[in-house]
Amino acid sequence: QLQFVESGGGLVQPGGSLRLSCAASGFTSDYYGIGWFRQAPGKEREGVTCISVSGGNTNYADSVAGRFTISRDIAKNTVYLQMNSLKPEDTAVYYCAADRSPWAPTCRLGRSEVYTGWGRGTQVTVSS
């Protein structure tokens, strides 16, 4: 069963950086596109970014483009989200999940219904 563990969240000042990790638990994530999502209090879950199986295709929400970078380390079975120039509006619980369709050539940004293996998330708080 697909399952991920997210980590790396915390409290950071505006303009700061964090790197989140998304580790696959009990399976190989190499075959799946991976998406990062976030959910702020009182808001719906939104897609932040995604990466394809090969890593050659990535997509970003307009709100994070140019500030966030997704990458994957096949050897470590882990996907990372580097977040720079953080803003208070980035405050949310961040989740990762795998595309239900293995070996998809491109990743599907923001479509949470096509993803599975949701972890418990990691809290990111941007505040001075």
Side-chain angles (χ1 to χ4, degrees):
Q1 183 177 355
L2 302 182
Q3 190 71 52
F4 291 96
V5 177
E6 303 93 341
S7 62
L11 173 64
V12 63
Q13 293 186 343
S17 298
L18 282 174
R19 188 177 79 157
L20 306 184
S21 297
C22 168
S25 176
F27 74 101
T28 297
S29 63
D30 302 2
Y31 313 140
Y32 301 92
I34 305 296
W36 278 100
F37 296 77
R38 65 186 181 187
Q39 187 166 20
K43 295 187 177 181
E44 293 188 354
R45 185 173 296 181
E46 65 170 340
V48 176
T49 181
C50 65
I51 188 168
S52 64
V53 172
S54 69
N57 174 246
T58 57
N59 289 295
Y60 295 90
D62 289 344
S63 58
V64 306
R67 299 188 298 121
F68 290 12
T69 303
I70 189 171
S71 62
R72 66 191 307 166
D73 186 329
I74 300 299
K76 295 184 178 180
N77 211 17
T78 300
V79 172
Y80 300 100
L81 179 60
Q82 178 67 44
M83 306 187 297
N84 298 328
S85 302
L86 283 161
K87 304 175 181 180
E89 51 263 45
D90 295 318
T91 295
V93 178
Y94 284 72
Y95 303 88
C96 63
D99 193 312
R100 294 178 184 272
S101 300
W103 298 112
T106 59
C107 67
R108 298 185 279 186
L109 176 65
R111 296 179 56 188
S112 59
E113 70 277 11
V114 307
Y115 285 85
T116 187
W118 301 93
R120 294 185 177 184
T122 185
Q123 175 71 47
V124 172
T125 303
V126 185
S127 175
S128 56

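As the structure is a computational prediction, the values presented were derived from the model and not from experiment.
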If I compare all heavy atoms of [X] with all of [Y], which pair ends up nearest, and what's the gap?
{"X": "G47", "Y": "A61", "result": "O-CB, 3.6 Å"}
{"X": "V48", "Y": "F68", "result": "CG1-CD2, 3.7 Å"}
{"X": "S25", "Y": "V5", "result": "CB-CG2, 4.4 Å"}
{"X": "R72", "Y": "S52", "result": "NH1-O, 2.8 Å"}
{"X": "P14", "Y": "S127", "result": "CD-C, 3.6 Å"}
{"X": "R67", "Y": "S85", "result": "NH1-O, 2.9 Å"}

Atom pair [atom1] ([X]) and [atom2] ([Y]), whose distance is rounded to the nearest 0.5 Å:
{"X": "I34", "Y": "T49", "atom1": "CD1", "atom2": "OG1", "answer": "11.5 Å"}
{"X": "E6", "Y": "C96", "atom1": "CD", "atom2": "SG", "answer": "4.0 Å"}
{"X": "E46", "Y": "L109", "atom1": "CD", "atom2": "CG", "answer": "9.5 Å"}
{"X": "D99", "Y": "Y31", "atom1": "CG", "atom2": "OH", "answer": "16.0 Å"}
{"X": "L20", "Y": "T78", "atom1": "CG", "atom2": "OG1", "answer": "12.5 Å"}
{"X": "D90", "Y": "T125", "atom1": "CG", "atom2": "OG1", "answer": "11.0 Å"}

Is it true that a side-chain atom of [X] and a backbone atom of [Y] form a donor plus acceptor pair closer than 3.5 Å?
{"X": "Y60", "Y": "I70", "result": "yes"}
{"X": "Y115", "Y": "R108", "result": "yes"}
{"X": "N57", "Y": "C107", "result": "yes"}

Within a 6.0 Å radius of atom CD on E113, are there more than 12 heavy atoms belonging to other residues, nucleotides or ligands?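 Yes.
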
Joint hydrophobic cluster, [X] plus [Y], side-chain heavy atoms closer than 4.5 Å:
{"X": "W103", "Y": "Y32", "result": "yes"}
{"X": "V124", "Y": "W36", "result": "yes"}
{"X": "F37", "Y": "F4", "result": "no"}

Is V12 close to M83 at the side-chain level, that is, under 4.5 Å between some pair of heavy atoms? no

Mind checking whether Q39 and S112 have side chains closer than 4.5 Å, heavy atoms only?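 With C-beta onward as the side chain, the pair stays apart.
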
Evaluate the ring planes of W118 and Y95, with Trp represented by its six-membered ring, and classify them as parallel (under 30°), tilted (30 to 60°) or perpendicular (over 60°). perpendicular

